[in-house]
Amino acid sequence: MLDPHLLRTELDHVKKELMRRNFVLDADTYAALETQRKAIQITTQELQNQRNSGSKLIGQAKAKGDDVQPLMDEIQHLGDLLKTAETELADVQAKMSEIAEGIPNILDSSVPNGKSEEDNQEIYRWGDVPAFNFTPKDHVDLGEKLKGINFELGVKIASARFVVLTGALARLQRAIIQLMLDTHLNDHGYEETYVPFLANAESLRGTGQLPKFEADLFKASDSPALYLIPTAEVPVTNIVRDTIVDAKALPLKYVCHSPCFRSEAGAYGRDVRGMIRQHQFEKVELVQIVRPEDSQQTHEELTQHAENILKKLKLPYRKVLLCAGDTGFSSSKTYDLEVWLPGQGAYREISSCSNFKDFQARRLQARWRNPETGKPELVHTLNGSGLAAGRTLIAVMENYQDAQGSVRVPEALQPYMGGLKVIEGRV
RNA sequence: GGAGAAAUGGCCGAGCGGCUGAAGGCGCUCCCCUGCUAAGGGAGUAUGGGCUUUAACUCCCAUCGAGGGUUCGAAUCCCUCUUUCUCCGCCA
C-alpha cells in the first residue's frame, strides 16, 4: 500500500509514476472521495465531541443530584445523526481503501521503462554456456531416460502440472535444497525458519497477494479462509506483521524452504512441457526485514546471495533488471536471475529478488522503533528466491548431461548425494 | 470433539455504567543525591487519525482480543466470533 499521505498530497505525481507500469489511477474519483472523507470525518468527530461532553455533564449533574432530564433531551437526538455520519464515514473509507489496496508500488527511479520482458535490462552474464558435441536433451527426455521424472503419475495422482520424482533425481532435488540452506545459513548469516504452508487472508493481504490476485492461489478452506502459500515470502514476511521490531534486532534475515502452490490461472498453454511451470514446487526463500536506509544495499546483497548458489553449482546465468511493465505489483525494484537451459537454448527465470521498500510493511504494520525519533516507523522488506529448487534441478540436469543421457553430479552437491558422481539411466 | 476459566499499556496487574487513556508495581528515559557501586528522591514513558496551504504545542476523535448491540454515556451490561489456559476424549 502506498502512503495515504502521499495519495492525499501528491496524487498527480503518484498517477504519473504509476503510468510507467501502465497502471491508470483514477485520481479524480480518489480525490473526490478524499474530499468527502474529510468533510464527513469532521462532522462525525464534531458530533462525537458534542455527545461526549454532553454525557460528561450528565454524569456530573447526576453526581450532584441535579435534574438530568433536560440535558438528556438535548443530546438524545445526536444518536441517530451520529449513526448516519459514522456509517457514511465507514463507507467512504472502505471505498478508499479498496482503491488504495489495488494500487501497485511506485517504482524505484533506477527501474527502466518498458512494457514486457523484452524490455528488461540485462546487467551481466556469468559462466560459460556449455558447448555440447551432441544435441542436448531437455530435462523431460533426460528424466524419462533416467526414470526419475514422471509426469503421467503426477496427472494420475493429482492433475496436469504435477510431477513425481523418484530415485536419484528426487534425492538430487533434496541435495540442492540442502546446499542452498547450508550456504545461506553458514555463508550468508540467515536464520532458518519453518512456517505454515497455509496462510490466512490477512497474511496474504499483508504481502500483497490479496485482494487482487486471489485467482492465482489455491484455496484450501473456506472457514477459516486458508490458502496454500504461493511462496514462503507470505508466511515468513508475516512474522513481523503487527509488530514493532527492536532496532538492535535489525536486520532480520530469514531463510525458509517450503513447497509453493500456484494455480497458474493466467498461464494456460505456457510451458506445458516439463516441470518449468508446476502447481507445486520446492523453493528456498530469502527474506530480510531492514531499516529503510539499508534496503537499497540489502537488495544488492540478497541478490548476490542467490547468485552464489548458481556459482557454487557452476550454472551459467544472467542477471536482469526488470523493466517497469514487468515488475511485480508490490515490488519497487526487482532483479531476476535467469539460468541457462541447454534443452531450451534460453535463459529462464530461476530467482526473483525484490525490494518492496515500505509497501508491504504498511499493509503489514511492520515497524521498528527508530532511536533517532523514538517513534515506530515502517521497516523495509525484501525477498528473493535462493533458488527455486525444481528449476535448479532442471538446470543441473540439462547443463551436466553427457551424450549417453547421464547426468554428472556437480561437485558442490556430491557430499549431499553420498558421494555419487554420476546419475545414470537404469532399466 | 465435550466441559469450564480467561483476554486490560513494553511486562505484571487493579478497575462500582459517568470525574478511567486507564490505579499500583516492574522495566525504560531524563534529572537530583551520595568517592564508586548499591540504595534513595523527582519527572516522564501507548498507537493511529482530525493534520495541512510552516511546524510545534494546545485541542478534538478513536482504540482495554475482534465485531455487533443496549445506553445520554461501556474496559465495565448483552450477543457472536477468535485466541489462550485447565480437565476429559482422540491423535503423529
Side-chain angles (χ1 to χ4, degrees), chain A residues 1-14 30-97 99-101 194 196-206 210 221-227 235 238-250 252 358 361-379:
Chain A
M1 213 158 62
L2 298 179
D3 188 353
H5 187 250
L6 202 63
L7 290 175
R8 213 173 286 149
T9 56
E10 292 175 58
L11 191 56
D12 290 336
H13 171 71
V14 170
Y30 192 85
L33 284 168
E34 165 61 17
T35 311
Q36 271 185 56
R37 191 222 94 232
K38 203 170 201 167
I40 298 168
Q41 183 158 345
I42 288 168
T43 29
T44 306
Q45 294 195 348
E46 179 52 33
L47 286 167
Q48 284 169 330
N49 186 13
Q50 282 178 38
R51 182 203 58 193
N52 289 349
S53 43
S55 296
K56 206 167 261 181
L57 285 178
I58 291 176
Q60 286 163 3
K62 226 174 186 176
K64 276 189 267 178
D66 294 351
D67 182 18
V68 153
Q69 199 55 45
L71 279 169
M72 279 176 59
D73 293 344
E74 209 170 300
I75 55 174
Q76 202 146 23
H77 72 285
L78 286 179
D80 289 339
L81 289 175
L82 239 180
K83 199 164 280 180
T84 315
E86 280 173 349
T87 312
E88 225 177 311
L89 181 61
D91 195 51
V92 172
Q93 282 174 333
K95 278 184 192 153
M96 289 180 75
S97 61
I99 294 176
E101 287 198 352
Y194 172 80
F197 300 149
L198 296 183
N200 58 35
E202 189 49 33
S203 293
L204 286 151
R205 200 195 68 80
L210 290 181
S221 151
D222 274 317
S223 60
L226 290 173
Y227 301 82
N238 271 276
I239 288 174
V240 294
R241 169 152 58 86
D242 294 325
T243 56
I244 299 173
V245 183
D246 195 323
K248 289 192 282 284
L250 295 176
L252 295 172
D358 63 10
R362 186 169 294 106
R363 290 171 162 246
L364 294 161
Q365 280 305 297
R367 296 174 294 176
W368 67 302
R369 196 171 291 277
N370 186 344
E372 282 173 26
T373 61
K375 292 285 172 196
E377 295 171 15
L378 296 170
V379 295

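Every heavy atom of this structure was used, including side-chain atoms; hydrogens, water molecules and symmetry mates were not. Letters go in sequence order (proteins before strands), and every chain restarts at 1.
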Heavy-atom closest contact (A/Leu204 atom, A/Ala199 atom, distance): CD1-O, 3.8 Å
P atom, B/U8 versus B/A14: distance in rounded Å? 11 Å
Using the P atom as the point on both nucleotides, what is the distance between B/U34 and B/A23, in whole Å? 33 Å
When the P atoms of B/G13 and B/G25 are compared, how many Å lie between them, rounded to an integer? 16 Å
Closer to the 5' end of RNA chain B via nearest nucleotide, is it A/His5 or A/Ile58? A/His5
Ring pair (Phe, Tyr, Trp, His ring centres under 6.0 Å) filter on A/Tyr30, not counting sequence neighbours, yields none
Under 3.5 Å, side chain of A/Arg205 to main-chain N/O of A/Arg363, donor-acceptor pair present? yes
Taking a pair to mean Watson-Crick or G-U wobble geometry with both distances below 3.5 Å, B/U70 pairs with none
Give a yes-or-no answer on whether the side chains of A/Gln48 and A/Glu86 include a donor-acceptor pair shorter than 3.5 Å. yes
Would you measure the distance from the C1' atom in B/C81 across to the matching atom in B/G73 and give it in whole Å? 26 Å
Tell me whether the side-chain N/O atoms of A/Arg362 come closer than 4.0 Å to OP1 or OP2 in B/G48. no
Which nucleotide sits closest to the side chain of A/Lys38: B/G49, B/G73, B/C51? B/C51
Would one find a side-chain N or O of A/Arg369 under 4.0 angstrom from OP1 or OP2 of B/U29? no
Taking only the P atom of each, what is the distance from B/A43 to B/G48 in whole angstrom? 27 Å
A/Ile99 side chain near A/Lys95 side chain, heavy-atom distance below 4.5 Å: no
Looking only at heavy atoms, the pair that brings A/Leu82 and A/Thr44 closest together is CD2-O, 4.1 Å
Just the rounded figure in Å: distance from P of B/G49 to CZ of A/Arg37. 11 Å
Between C1' of B/C81 and CG of A/Asp222, the distance in whole Å: 17 Å
CD of A/Gln50 versus C1' of B/C61: gap in Å, rounded? 13 Å
Within less than 4.0 Å of OP1 or OP2 of B/G50, is there a side-chain N or O belonging to A/Arg8? yes
Between A/Thr9 and A/Gln365, the residue closer to the 5' end of RNA chain B by nearest nucleotide is A/Gln365
Return the minimal non-hydrogen interatomic distance between A/Trp368 and A/Ala247, and the atom names on each side. CE3-CB, 3.8 Å
Scan every strand shown for a Watson-Crick or G-U wobble partner of B/G48, both distances under 3.5 Å, and answer none if you come up empty. B/C61
For nucleotides 57-60 of chain B, tabulate all protein N/O to nucleotide N/O atom pairs closer than 3.5 Å, reporting atom names and distance.
residue, atom, partner, partner atom, Å
B/C60, O3', A/Asn49, OD1, 3.3

Just name whichever nucleotide pairs with B/C36, Watson-Crick or G-U, keeping both distances under 3.5 Å, else none. none
So which heavy atom on A/Ile40 is nearest to which on A/Glu88, and how close? CD1-OE2, 3.7 Å
Using atom types as modelled and distance alone, determine if a side-chain donor or acceptor of A/Asn238 lies under 3.5 Å from a backbone N or O of A/Ser203. yes
Mate of B/A55 across any strand shown (Watson-Crick or G-U wobble, both atom pairs under 3.5 Å) is none
d(CG, A/Asp242; P, B/U63) in whole Å: 18 Å
State whether the side chain of A/Gln365 and the backbone N or O of A/Arg362 hold a donor-acceptor pair below 3.5 Å, judged by distance alone. yes
Pairing partner of B/U29, by Watson-Crick or G-U wobble and under 3.5 Å for both distances, is B/A43
Among the candidates B/U47, B/G50, B/G73, find the nucleotide nearest to the side-chain atoms of A/Gln41. B/G50
Rounding to the closest angstrom, what is the interatomic distance between B/U76 and B/U71 at atom C1'? 13 Å
What distance separates A/Gln41 CD from A/Glu34 CD, expressed to the nearest 0.5 Å? 9.0 Å
Tightest non-hydrogen contact, residues A/Leu378 and A/Ala361, listed as CD2-O, 3.7 Å
Can you tell me the base-pairing partner of B/A22? Count Watson-Crick or G-U wobble geometry only, both distances below 3.5 Å, and say none if there is no partner. none
Between CD1 of A/Ile244 and P of B/U45 the distance, given in whole Å, is 17 Å
Searching all strands shown, indicate the nucleotide that pairs with B/U86 (Watson-Crick or G-U wobble; both distances under 3.5 Å). B/A3
Could you tell me the separation between the CG atom of A/Leu7 and the P atom of B/C51, rounded to a whole number of Å? 16 Å
Taking CD1 from A/Ile42 and C1' from B/C51, how many angstroms apart are they, rounded to a whole number? 10 Å
Protein-nucleotide distance (A/Arg51, atom CZ; B/A74, atom C1'), rounded to Å: 10 Å
Look through every strand shown and name the nucleotide pairing with B/C91 as Watson-Crick or G-U wobble, where both distances are under 3.5 Å. none
Rounded distance in Å between the C1' positions of B/A92 and B/U20: 50 Å
Distance between the C1' atoms of B/C16 and B/C28, in whole angstroms? 33 Å
RNA chain B contacts among residues 85-96 of chain A, heavy-atom distance under 4.0 Å: none
